Amino acid sequence: MTLHYDVIVIGGGHAGCEAATAAANMGASTCLVTMDMNKIAQMSCNPAVGGIAKGQIVREIDALGGQMALVTDATAIQFRMLNRGKGPAVWSPRAQCDRGKFIWEWRRVLDETDHLDIWQDQADELLVEDVAPVAVSQQPTKRVVGVRTIWGAELRAKCVIITAGTFLNGLMHIGRKMVPGGRIAEPAVPHFTESITRHGIRTDRMKTGTPVRIDKRSVHFEELNEQPGENGYYQFSYMGGPRQLRQLSCWECYTNAEVHEVLRSGLADSPLYNGQIQSIGPRYCPSIETKLVTFPERDQHLMFLEPEGEDTNEMYLNGFSSSLPMEIQLNALRKISALRDIKVYRPGYAIEYDFFDPTQLTHTLESKVIENLFMAGQVNGTTGYEEAGGQGTIAGINAALKAGSAASETSEAPTFTLARDEAYIGVLIDDLVTKGVDEPYRMFTSRAEYRILLRQDDADARLTEKAYNLGLAKRDRYDHWMEKKSWIEEIEKFCEETSVKPKEINSALEQMGTTPLHGSTKIADLMGRPQINFANLSELVPTLKEKLNQTPNRKEEIAEAAEIKMKYKGYIERERMVAEKMHRLENIRIKGHFDYESMQSLSTEARQKLRAINPETLAQASRIPGVSPSDINVMLVMMGR
């Protein structure tokens with residue numbers, strides 16, 4: 001049997017779901033191939049979305065017209081805005097979700113998406129054909145045409161997106177026991193990697209892990225520190241409604257010296273330390289045994305006991321990822337007083353899997369080796385649902401654009417990319433394709449040079465109009481943003497035109513610990529003071545309170561956006577100037593202009609890296625590790641010649 005589509009997506013995880021809905025919502029006939037329709041967008045590790053920098057990515061997906069934030073709002077059982085004690089550049093939303101309801105909400109979204117089919121099967125072979133090169137060494141000489149499944153179905157398409165997560169040659173470890181699988185109780189995908197690498201795409205192995213799952217009925221919660229969520233106005237999606245599910249607490253607990261002693265007794269049987277696992281593990285989400293070896297001086301480590309849903313007894317022990325023998329894991333945890341009687345559903349385990357070198361991709365996430373082949377998610381060496389979803393969105397957009405391009409062989413299909421000053425998704429993809437990975441990549445705010453431009457509150461300001469012009473964001477989202485934008489501007493204008501007098505406010509200012517006024521002062525100027533915000537100032541200036549209350553909906557969100565723009569105006573303008581200077585290098589196209597091997601004035605390392613990555617622009621070249629500022633100057637001089 002043969003089926004034909006514009007776009008095929010291989011894998012129904014977070015990258016695959018976003019890729020499939022993005023392509024379909026742009027009008028491309030799309031097929032999502034998944035091994036189990038009942039585990040769509042499975043939260044393989046902790047049942048949470050967002051966190052530091054990750055929350056910003058989810059809001060960007062939402063601003064682009066993606067689905068993750070909407071699904072999160074519909075299934076959230078706890079919400080928190082992290083880093084509120086710091087500046088708004090690093091505020092990050094995080095939500096605990098009901099794992100089961102998250103899956104079925106995503107399934108509902110997929111079922112209701114026009115132009116999207118689901119095919120339950122397993123990919124077995126990538127179908128590739130040879131093409132005549134347009135220019136020697138500059139264009140791929142192979143083109144993907146579809147995929148063949150283990151049941152013999154042949155799915156043909158103009159573009160294929162691979163989002164296979166941890167399933168490619170997946171191998172699970174608990175102690176010395178090894179079982180093939182892509183996730184616990186789910187089969188691995190053999191052969192498919194080999195059908196890709198035979199065409200020249202490089203592969204390697206990575207490792208990740210997950211903790212024990214605990215029966216909450218066996219936990220002494222009275223001995224743990226409760227961590228409730230927030231009940232404020234924050235939501236993940238700019239379009240989402242208030243949270244509907246029962247809100248639940250997480251719980252803090254700590255390991256201790258006795259726990260560590262038991263864990264150390266099992267290190268000889270740890271796959272990480274007996275030579276069983278050779279692949280690269282995550283630096284920023286280490287296993288508990290790695291923490292013991294890396295930080296031997298620590299006598300305790302913080303963990304969070306997190307609910308898996310509102311109707312289940314299953315809980316997730318965040319911070320206790322492990323692949324030690326199961327009896328070691330259980331005996332160690334029972335040395336914690338609150339967990340002395342615990343019963344578990346399953347122990348933690350580690351998993352090794354194949355990924356592909358992301359430097360062989362362009363910024364659209366299309367392969368440089370095989371035309372019309374896109375990759376997104378953990379197959380690109382990343383970790384995390386959010387990073388996967390962001391890549392899936394970009395891959396889905398570009399696959400839809402490529403599939404709908406003009407039939408002429410010489411015409412260039414339109415593409416969609418995001419710069420480093422436009423989105424964390426842009427930072428993520430640029431890091432992947434420019435620098436590659438030597439460990440599972442995780443996004444942090446520190447990876448972005450323009451954090452004050454990439455706030456969680458303004459993702460819609462940065463991206464929604466772009467997405468609407470693409471056809472991904474729909475009219476209701478565009479109108480929602482335009483209404484919000486006009487109200488933000490109206491509040492800003494009011495504050496720039498309205499003055500307050502010293503006699504009206506000075507006593508209150510002194511109580512706040514800030515300098516009294518010496519004359520009439522615009523509200524916008526007052527907002528620059530760290531002690532001043534709309535909440536306290538509106539109680540002193542009735543006309544301001546009246547203006548803020550005029551907004552028709554989500555008035556707190558609108559007020560916060562206007563406040564941040566005024567309070568951090570100088571920082572925002574300064575960072576924008578720096579970004580614009582860098583754009584000058586972004587506009588200097590160098591791909592195809594240099595024979596790097598013959599440029600003896602470049603360092604040897606620079607020649608090797610530039611030849612391997614073949615950057616599009618001078619700015620991208622400047623971000624490649626091993627390419628120095630002097631190498632960039634050499635290239636500028638040679639371009640001048």
Side-chain angles (χ1 to χ4, degrees), residues 46 48-64 68-69 72 76 78-96 227 229-230 232-238 250 282-285 302 304 318-319 382-387 389-390 418-431 441-463 488 527-535 556-579 582:
N46 65 322
V49 169
I52 305 302
K54 293 169 173 281
Q56 282 89 326
I57 291 176
V58 179
R59 297 214 94 190
E60 290 171 356
I61 294 170
D62 184 67
L64 287 167
M68 186 180 283
T72 299
Q78 188 192 90
F79 186 95
R80 296 179 67 209
M81 183 65 75
L82 307 182
N83 278 346
R84 284 301 299 272
K86 301 179 181 179
V90 293
W91 294 357
S92 301
R94 182 185 189 272
Q96 204 74 20
Q227 187 187 60
E230 300 175 4
Y233 62 87
Y234 284 113
Q235 297 148 232
F236 249 111
S237 174
Y238 294 101
C250 294
R283 177 192 303 267
Y284 299 106
C285 188
L302 174 63
F304 295 94
N318 196 341
T382 63
T383 179
Y385 315 141
E386 304 83 4
E387 290 90 340
L418 293 169
R420 296 180 73 91
D421 63 328
E422 290 180 310
Y424 272 93
I425 296 173
V427 175
L428 162 66
I429 292 174
D430 186 63
D431 280 352
Y441 181 100
R442 178 178 180 175
M443 179 54 73
F444 294 100
T445 53
S446 58
R447 294 191 190 271
E449 309 93 307
Y450 310 112
R451 289 188 292 278
I452 196 66
L453 301 181
L454 305 182
R455 307 181 309 276
Q456 61 84 30
D457 67 275
D458 74 338
D460 52 354
R462 291 181 273 122
L463 301 175
I488 292 171
M527 291 304 297
R529 300 188 180 193
Q531 301 88 347
I532 303 294
N533 54 50
F534 276 158
E556 297 94 346
E557 181 182 286
I558 291 171
E560 181 179 88
E563 180 178 316
I564 290 172
K565 284 185 70 178
M566 285 186 284
K567 189 175 283 292
Y568 296 92
K569 181 179 180 181
Y571 297 101
I572 292 169
E573 290 177 350
R574 183 166 47 191
E575 202 158 270
R576 173 54 59 201
M577 288 174 60
V578 173
M582 182 53 70

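No experiment lies behind these values; they were computed from the predicted model shown. Just so you know, residue 1 is the first one in the sequence shown, and it goes up from there. Any value given below was found using the heavy atoms of this structure, including those in side chains, with hydrogens, waters and symmetry copies removed.
- Counting only heavy atoms from C-beta outward, the side chains of Thr445 and Leu454 never approach each other to under 4.5 Å.
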Would you please test Tyr568 and Glu575 for side-chain contact (heavy atoms from CB on, under 4.5 Å) and show each step?
CA-CA 11 Å; Tyr568 296 92; Glu575 202 158 270; over 6 Å; no

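- The shortest heavy-atom contact between Tyr450 and Val578 is CE2-CG1, 4.0 Å.
- A distance of 12.0 Å separates CE of Met443 from OH of Tyr284, quoted to the nearest 0.5 Å.
- One N or O on the side chain of Gln56 and one on the backbone of Trp91 form a donor-acceptor pair closer than 3.5 Å.
- Remark: the backbone N or O of Met81 is paired with a side-chain donor or acceptor of Glu230 at under 3.5 angstrom.
- Closest approach of Ile452 to Ile572, counting heavy atoms only: CG1-CG1, 3.9 Å.
- Across Tyr238 and Asp460, no two heavy atoms sit closer than the pair CD2-OD2, 3.3 Å.
- The minimum heavy-atom distance linking Tyr385 with Met68 is given by the pair O-CE, 3.4 Å.
- For the pair Tyr441/Leu428, a side-chain contact is recorded, criterion being any heavy-atom separation below 4.5 Å from C-beta on.
- Residue pairs meeting the salt bridge (Lys or Arg N to Asp or Glu O under 4.0 Å) criterion with at least one partner in residues 80-95, sequence neighbours excluded, are Arg94-Glu306.
- To the nearest 0.5 Å, atoms CG (Asp431) and OG1 (Thr382) are separated by 12.0 Å.
- Counting non-hydrogen atoms of neighbouring residues, nucleotides and ligands closer than 6.0 angstrom, the NZ atom of Lys565 reaches no more than 12 such neighbours.
- Note that the CZ atom of Arg59 and the CD1 atom of Ile425 stand 13.0 Å from one another [nearest 0.5 Å].
- Sorted by first and then second residue, the pairs that involve residues 446-455 and meet salt bridge (Lys or Arg N to Asp or Glu O under 4.0 Å), not counting sequence neighbours, are Arg420-Glu449, Arg455-Asp457, Arg455-Asp458.
- Taking the six-membered ring where tryptophan is involved, the planes of Tyr234 and Phe79 are essentially parallel, since the angle between them stays under 30° and well short of 60°.
- A search for salt bridge (Lys or Arg N to Asp or Glu O under 4.0 Å) contacts involving Glu563 returns nothing, not counting sequence neighbours.
- Between the CG atom in Asn318 and the CG atom in Leu302 there is a gap of 9.0 Å [rounded to 0.5 Å].
- Among the candidates Glu556, Glu557, Glu560, the single residue satisfying the side chain to side chain donor-acceptor pair (under 3.5 Å) test with Tyr233 is Glu560.
- Taking 4.5 Å as the limit, every side-chain heavy atom of Tyr424 sits out of range of all side-chain heavy atoms of Lys54.
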Pair Leu418, Ile429 - check side-chain contact (heavy atoms from CB on, under 4.5 Å), show working.
CA-CA 9 Å; Leu418 293 169; Ile429 292 174; over 6 Å; no

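- The two residues Gln96 and Cys250 have their closest heavy-atom pair at OE1-SG, 3.9 Å.
- Of the possible donor and acceptor atoms, one in the side chain of Arg462 sits under 3.5 Å from a partner among the backbone N and O of Leu453.
- Contact between Glu386 and Ile57 at its shortest, heavy atoms only, is O-CG2, 3.3 Å.
- Using modelled atom types and a 3.5 Å distance limit, the side chains of Ser92 and Asn83 yield no donor-acceptor pair.
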